[in-house]
Each structure stands twice: as C-alpha cells, then as structure tokens.
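Here's the structure, in structure tokens; my notes come after.
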Amino acid sequence: MLTAPSLDPDWLNREYNNRALVPEHADMFARWAKASAEVRQQGPALVDVRYGHGLNEELDIFPAQVRRGQEALAPVLFFIHGGYWRSLDKADHSFVAPAFTQQGACVVMPNYALCPAVTIPDIVMQMVQALAWTCRHIAKHGGDPKRISVVGHSAGGHLATMLLLCRWAEVGADLPADLVKNALSVSGLYDLEPVMHTPFVQPSLNITPEQVAKASPARLPAPPVRAGRGTLAVVAGANESSEFRRHNRLIRDAWGPSVVPVCEELPGLNHFNIVEAMAQPGHRLHRLVRDLLGV
C-alpha cells in the first residue's frame with residue numbers, strides 16, 4: 001500500500017515522532033556529539049570542505065587508515081545524516097567513521113541546508129552536488145571515485161535512495177552513469193505523502209503535492225541495475241513504529257527484489273540506536289555496510 005493506513009493527524013504524530021518514541025534520544029544525541037568531537041580531534045580528518053557555495057554546502061573527509069602494502073585507492077562510504085531534513089548535522093555523526101576507516105574505507109560526510117530555509121527537493125540537489133564533488137576530488141584524499149557506496153539514515157536514507165535515481169550525465173559530462181555503485185538506506189522514508197499530513201513536521205517541511213510526486217522514491221521508476229551495480233539495501237529497526245517498518249517494505253514492493261535485494265528488520269533496534277549499531281563491528285548492519293564497500 002503506497003499511502004499510510006491512516007491520515008488521522010494524531011495517529012501520524014504518534015507514528016512519525018521518533019523522539020517521542022525513544023525518550024532517551026537526548027542522551028543518545030549527547031553521546032554521539034561527544035564521541036564525534038573526539039574522533040575529529042584525534043584525526044586525521046578534513047573538516048568543513050566546501051563542495052558548493054550555498055548554505056551548509058560542506059563535507060568532512062575521513063581518510064582510510066593505510067595498511068602496510070596497501071597502495072590502491074580506498075572504497076568510499078558517502079554517509080548522509082538524518083534529522084527529518086530539518087535538524088542534526090554531519091558533526092553529530094563523525095563517530096561512525098572509524099569503524100570503516102579502520103577497515104580501509106574512506107568516509108565522506110556531507111552537510112545540507114535544513115528546512116524550512118530550503119525544500120526537500122533542494123536538499124536532494126545539494127546531495128547530488130556533494131556526490132559529484134566527491135567523485136571529482138576524492139582521489140586526492142585516497143578514495144576511489146569508481147567505488148562509491150552511499151549510506152543514509154532516516155531523512156538521509158531518503159536522500160541516499162534518491163541519489164540512485166540521478167541521471168549523472170545531466171549533472172556533468174565527466175560523471176559516470178554508474179557513479180553510485182550501491183546504496184543502503186537505514187530507517188528511510190520513501191513516500192512523502194503521509195509526512196506531508198503529519199502535523200508536527202509539516203510546518204517546517206512545507207511539503208507540497210508536487211514535491212510528493214517529485215521526491216518520493218516509491219512513486220518513481222526503479223533505477224536500472226547493470227552487472228550488480230545500482231542496488232539498494234534497506235533496513236529498519238524491529239522496534240520502530242509501524243509506519244517506518246511499512247516504509248521499509250514499501251520501497252522493495254515498489255522497485256522489486258532485483259533492485260532491493262536486502263529488506264530487513266533488525267531485532268532490538270529503534271530509530272536511533274540503529275545508527276550506533278552501524279558502527280559496531282560484528283553487528284549485522286555493520287556487516288551490510290562493509291559488504292557494500294567490499295572491505
């Protein structure tokens with residue numbers, strides 16, 4: 001079912017307000033911020049690199065840790081943070097990087113402008129520009145522009161999914177059609193219509209019916225998959241709301257299992273501790289990201 005089971009405002013608020021569903025979220029955010037500041041202080045990291053001239057158009061680069069005998073360019077993890085397109089920051093998520101740089105991957109974390117200063121389609125195009133910049137420049141920082149995987153959480157999962165649909169030749173003649181080798185969306189949103197009707201976020205998001213049609217992945221044709229390129233993996237926490245779990249199934253139903261070969265609910269995880277699970281060696285989610293990267 002493409003639309004939500006109910007558009008009752010109170011029900012939508014209960015289903016989509018993840019901070020209310022996870023009362024300990026403030027402590028978790030504080031933990032993320034502290035750990036992330038420590039990661040940036042320890043280095044090496046390039047912080048606030050401009051990928052454009054617009055609002056918040058900056059990214060952080062965490063180079064792969066070079067191992068003895070390792071000469072090839074590293075696979076690139078392009079990680080997009082969440083926050084309902086209206087909050088949080090790349091700086092809150094630096095703590096995710098070491099789990100992958102230690103395995104030989106280069107990690108890039110972009111920022112974007114936040115609603116209501118911009119629209120969700122505006123943010124999609126900022127991520128297009130950030131990824132185009134990464135493809136063009138990451139080799140200077142030890143990353144392989146031919147091995148870019150995109151991962152996003154929540155709103156970032158939506159943005160990661162949208163990047164699979166980009167027609168890169170229209171962005172730049174120098175960009176390959178298969179720029180995004182694969183993507184992983186964690187607790188993502190794929191249909192903006194129920195979000196448009198959700199009272200606690202709509203005043204800041206200002207989603208219109210035109211934006212629903214333009215920026216809802218589940219309402220758009222599936223991207224082509226060629227020789228194993230362009231696939232999407234989707235996961236959600238088993239402890240998330242019924243709507244976030246429905247979204248997780250929705251994109252596979254819309255695009256099919258050949259494009260979305262992985263569609264899972266991960267036990268014991270809610271909308272926020274699922275981000276921490278990504279950085280835990282041995283966890284299923286961590287392993288999924290490493291599988292994408294080939295490390």
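Keep in mind the model is a prediction, meaning the values are calculated, not measured. Residues: numbered from 1 along the sequence shown.
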Could you tell me whether Asp291 and Arg287 have a side-chain N and a carboxylate O separated by less than 4.0 Å?
yes
Per the salt bridge (charged side-chain N to carboxylate O under 4.0 Å, His left out) rule, what does the pair list look like for residues 260-273, sequence neighbours excluded?
Arg249-Glu265, Glu264-Arg284
With sequence neighbours excluded, give me every ring pair (Phe, Tyr, Trp, His ring centres under 6.0 Å) pair touching residues 166-223.
Tyr84-Phe200
Within this structure, what is the OG-CH2 distance for the pair Ser242 and Trp11, rounded to the nearest 0.5 Å?
5.0 Å
In this structure, OG1 of Thr134 is separated from CD1 of Ile61 (nearest 0.5 Å) by 7.0 Å
Residue pair His141 / Cys106: nearest heavy atoms and the distance that separates them:
O-SG, 4.5 Å
Separation of Lys181 NZ from Leu292 CG (nearest 0.5 Å)
13.0 Å
Under 6.0 Å from the CZ atom of Arg50, do we count more than 12 heavy atoms belonging to anything else shown?
yes
In short, salt bridge (charged side-chain N to carboxylate O under 4.0 Å, His left out) pairs touching residues 74-86 with sequence neighbours left out are none
Approximate separation, where rounding is to 0.5 Å, of Met162 CE and Ile80 CD1:
11.0 Å
Which pairs with one or both residues in residues 86-134 pass ring pair (Phe, Tyr, Trp, His ring centres under 6.0 Å), sequence neighbours excluded?
Trp32-His93, Trp32-Phe95, Phe79-His93, His81-His93, His81-Tyr112, Phe100-His286, Trp133-His137
For Arg246, is there an ion pair with Asp253 - N to carboxylate O distance below 4.0 angstrom?
no
From Glu15 CD over to Asp8 CG, what is the distance, rounded to the nearest 0.5 angstrom?
11.0 Å
Run the side chain to side chain contact (heavy atoms under 4.5 Å, CB included) check on Val262 and Val234 step by step: do they pass?
CA-CA 6 Å; Val262 175; Val234 295; over 6 Å; no
By the salt bridge (charged side-chain N to carboxylate O under 4.0 Å, His left out) test, which pairs, at least two apart or in different chains, include something from residues 99-111?
none
Residues in side-chain hydrogen bond (donor to acceptor under 3.5 Å, both in side chains) with Gln202, at least two apart?
none
